[in-house]
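Quick notes on the structure that follows.
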Amino acid sequence: MRRLLLLALLCPLLSSAQVFDLKLPTANDALLKGDGPDYFQFVDRNFEGQVSYPWEGGQFGFWRDPRRTSGGIAYARFHEGMDVKPLKRDGRGDPLDDVLAILPGEVVHVAPVGKSNYGSYIVIQHNWGEGPFYSLYAHLKEYKVTVGTKVAAGQPIARMGYTGAGIDQRRAHVHVELNIMLSSQFDLWHSTGFNTPNVQGIYNGMNLLGLDLQALYLSHAKTPVTSIAAWLKQSVPQFEVTVPGSARLEIVKKYPWLASGITATSSWKIKCNRWGLPLSVTPSAQTVSAPVVSWYQESKFPLYYQTRGLVSNTGKLTVEGLRFVQLMAGL
C-alpha cells in the first residue's frame, strides 16, 4: 500500500519530466554538438557592397539586416525561429528530411502553400500545466498530419521543403518556433490595421510570439528543464510598458505564472525582453490613459534596434510598438 502511494505521488512528476524531453525537429543533431554551420541554413547577405552567406543568420534572435551605428554593427531584423538545414537531398536537389514534432501535443493548424510567407506550415499545441505553448514548422513540402492529430515527441509530421516567400532550393530548410499566444481576439486586432484578410485565424505568425528555442535546447542538454515558466523568468528584460488598469490581460489568464493574479488596479507594468516577450506583469498605482514605456535598458546601440522596432530611440512606443502592446495587453 505504501509503495502504491509513493508511485501515485511520483507519477505526476515523472509525467511532467517526460513532457520536457525535447526532441530536435529533424535528424540533424549538429546543434547539440556545437556545430552551427552544419545545423543552421545560411542567409544571403549584401552589406555595404560585400556579399556573404552567413550561417549565423539561420539562428534565433537578432542576426539579420546589419546596420552600422555609432555603437557598432547592430542587426535590425529579428528572426523568431531556427532554420534547420537538410541532411539529405535527392538527385534534383530537393530535401528529403522528415520534420519531427519537438514535443507531444495536438495539431491545431495546417496551412497550405500560398497563404502565408511561411509557405506550408503546421502548428502544434502543447499543454503541461503552464499554459498553452505552440510549436510551428514552416516552409514544408508536404505534411503527414491533419488538424486534431495527436502527436508524440519525435513523430514525423511533414517533409522539409522550400515553400514561402524568399526561400529557394539552395536554402531549403525547416523554420521551427516555440511560442506563446498573444490573444484570442487577434482577428479583431488584425481588422483594425490591415486591409488584407487574415486567413490563418489565431494561428497567424503575428499572434505567436517566440521563445528562444535555440537557447532552450542548449540549456536542456546541460541541465534538463522541468519548467518552461521558471526557465523564462531567468531572461533579461529590455523594456517595460505601463498599461491602463482596464487592460484585459488575457496573457495572464493563459499564463498565470506571469503574475500572482489579476485584481483591480490603476495600471499594470509589463516587463518584456528584447523582442517583446512578456516576462512579468505587476500592479501599479500609476494612472495612465494609454500604454507608455516606463523603463528601458540603456545600450550603446540604438534602442529601436534593441527592441525589434517596438520602442523608438527617444524611449517612446513606435506606432508598431503601440499596436503590439494593444494586442498583448488586450486593449
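- Between V110 and V147 the shortest side-chain heavy-atom distance falls below 4.5 Å.
- L100 and L96 are members of different hydrophobic clusters when ILVMFWY side chains are connected at heavy-atom separations under 4.5 Å.
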Criterion side chain to side chain contact (heavy atoms under 4.5 Å, CB included) on I124 and H126, from CA distance to verdict: CA-CA 7 Å; I124 300 175; H126 314 280; 3.4 Å; yes
What side-chain donor-acceptor pairs closer than 3.5 Å can you find for residues 195-203, not counting sequence neighbours?
{"from": "N198", "atom 1": "OD1", "to": "Q200", "atom 2": "N", "distance (Å)": "3.4"}
{"from": "N198", "atom 1": "OD1", "to": "G201", "atom 2": "N", "distance (Å)": "3.4"}
{"from": "N198", "atom 1": "OD1", "to": "N204", "atom 2": "ND2", "distance (Å)": "3.0"}
{"from": "N198", "atom 1": "ND2", "to": "D187", "atom 2": "OD1", "distance (Å)": "2.6"}
{"from": "N198", "atom 1": "ND2", "to": "G201", "atom 2": "O", "distance (Å)": "3.1"}
{"from": "Q200", "atom 1": "OE1", "to": "H109", "atom 2": "NE2", "distance (Å)": "2.6"}
{"from": "Q200", "atom 1": "NE2", "to": "K115", "atom 2": "O", "distance (Å)": "3.3"}

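- Across I180 and F133, no two heavy atoms sit closer than the pair CG2-CE2, 3.7 Å.
- The cationic group of R274 lies under 6.0 Å from the six-membered ring centre of F62 and within 45° of the ring axis, placing it in a cation-pi geometry.
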Show your working on side chain to side chain contact (heavy atoms under 4.5 Å, CB included) between L136 and N179 and close with a plain yes or no. CA-CA 8 Å; L136 183 151; N179 308 284; 4.1 Å; yes
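- Side-chain contact, Y305 with N313: no donor N or O sits under 3.5 Å from an acceptor N or O.
- Listed by first and then second residue, the ring-ring contact (aromatic ring centres under 6.0 Å, His included) pairs involving residues 278-304 amount to none (not counting sequence neighbours).
- Rounding to the nearest 0.5 angstrom, the gap separating the CG atom in L182 from the NZ atom in K254 is 9.5 Å.
- In terms of modelled atom types and a separation under 3.5 Å, the side chain of W231 and the main chain of S219 share no donor-acceptor contact.
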For residues 318-331, please give each side-chain donor-acceptor pair under 3.5 Å, one per line with the distance, not counting sequence neighbours.
{"from": "T318", "atom 1": "OG1", "to": "G309", "atom 2": "O", "distance (Å)": "2.7"}
{"from": "T318", "atom 1": "OG1", "to": "L310", "atom 2": "O", "distance (Å)": "3.3"}
{"from": "T318", "atom 1": "OG1", "to": "G321", "atom 2": "N", "distance (Å)": "2.9"}

For residues 276-289, tabulate all N or O donor-acceptor pairs below 3.5 Å that involve a side-chain atom, not counting sequence neighbours.
{"from": "S284", "atom 1": "OG", "to": "S267", "atom 2": "OG", "distance (Å)": "3.3"}
{"from": "S284", "atom 1": "OG", "to": "Q286", "atom 2": "N", "distance (Å)": "3.1"}
{"from": "Q286", "atom 1": "OE1", "to": "K269", "atom 2": "NZ", "distance (Å)": "3.1"}

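- Side chain to side chain, Y118 and E177 meet the donor-acceptor criterion of an N or O pair below 3.5 Å.
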Using residues 30-40 as the side-chain source, report each donor-acceptor pair under 3.5 Å to any protein atom, sequence neighbours left out, with the distance given to one decimal.
{"from": "K33", "atom 1": "NZ", "to": "D29", "atom 2": "OD1", "distance (Å)": "3.4"}
{"from": "D35", "atom 1": "OD1", "to": "D38", "atom 2": "N", "distance (Å)": "3.3"}

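- No more than 12 heavy-atom neighbours from other residues, nucleotides or ligands sit within 6.0 angstrom of NZ on K316.
- In this structure, W63 and Y75 have tilted ring planes: the angle between them lies in the 30° to 60° band.
- Sorted by first and then second residue, the pairs that involve residues 79-106 and meet ring-ring contact (aromatic ring centres under 6.0 Å, His included), not counting sequence neighbours, are H79-H175.
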Could you walk me through whether W55 and F42 satisfy the ring-ring contact (aromatic ring centres under 6.0 Å, His included) test, starting with their C-alpha distance in whole Å, then the side-chain angles of each, then the deciding distance to 0.1 Å, before giving a yes or no? CA-CA 4 Å; W55 63 266; F42 68 87; over 10 Å; no
